[in-house]
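I have placed the structure first, in the form of structure tokens, so that the comments after it can refer back to it.
Throughout, residue positions are numbered sequentially from 1 according to the sequence presented. Any value given below was found using the heavy atoms of this structure, including those in side chains, with hydrogens, waters and symmetry copies removed. Remember, it's 1-based here, ligands and their atoms both numbered in the order they're listed.
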Amino acid sequence: MYDFKPAEPLAADALYRELLAAAGALTDGEPDGVANMANVAALLWEFLPDLNWAGFYRVAPAKGGGAEELVLGPFTGRPACIRIPFGSGVCGAAAQARATQLVEDVHAFPGHIACDAASASELVVPVLRDGRVIAVIDLDSPAPARFTRADAAGIEALAALLADRI
Ligand code: SME
């Protein structure tokens with residue numbers, strides 16, 4: 001069985017290799033997207049040091065119908081804002097641009113949404129299915145410049161794995 005936590009501190013390539021293997025094993029053959037997002041949020045928390053929030057926002061209809069927006073999904077960390085319009089904050093920027101947002105200093109990011117005042121840096125990666133954004137993976141850290149290009153590449157690989165599992 002997988003131990004869903006690295007046995008020792010790992011360099012980024014090995015860390016993300018193990019994280020992807022664990023995420024693949026946990027979600028394999030399971031069609032329930034909420035269950036898969038919940039387990040992957042827990043896995044991110046176990047694997048990645050120096051986080052204060054790890055989880056998902058899903059693309060869903062706005063209240064009362066109309067435009068789609070991001071709606072809070074399974075996560076680990078403090079309770080967070082529930083709805084984020086496309087283009088708003090770091091998550092909304094990732095959804096609108098369909099591109100990873102690697103933010104070294106959230107206080108310098110125009111429109112950053114502070115769910116937890118402790119957050120200092122953030123990585124948001126869109127999950128694309130057939131070219132459409134269906135969710136974003138959001139990681140927050142209390143450490144400035146916590147996330148690197150290697151983290152972005154690792155989470156992008158995770159997003160690709162999850163595209164038809166959430
Ligand atoms: N900081 C995010 C909002 C989500 S929380 O960090 C969980 C943003 O600016 O989009």
Other residues, nucleotides, ligands: >12 heavy atoms within 6.0 Å of R78 CZ | no
| query | Quick check: does any side chain N or O of D50 sit under 3.5 Å from a backbone N or O of S141, one acting as donor and the other as acceptor? | reply | no
Residues passing the salt bridge (charged side-chain N to carboxylate O under 4.0 Å, His left out) test with E68, sequence neighbours excluded, are R132
Less than 4.0 Å from some atom of ligand 1, heavy atoms are found in residues W53, Y57, A80, I84, G89, V90, C91, H112, I113, C115, E122, D138, D140
Result for side chain to side chain contact (heavy atoms under 4.5 Å, CB included) between P6 and one of L48, L15, L19 points to L15
T27 meets the side-chain hydrogen bond (donor to acceptor under 3.5 Å, both in side chains) criterion, sequence neighbours left out, with R165
Hits for salt bridge (charged side-chain N to carboxylate O under 4.0 Å, His left out) against E46, two or more places apart or cross-chain, chain-then-number order -> K5
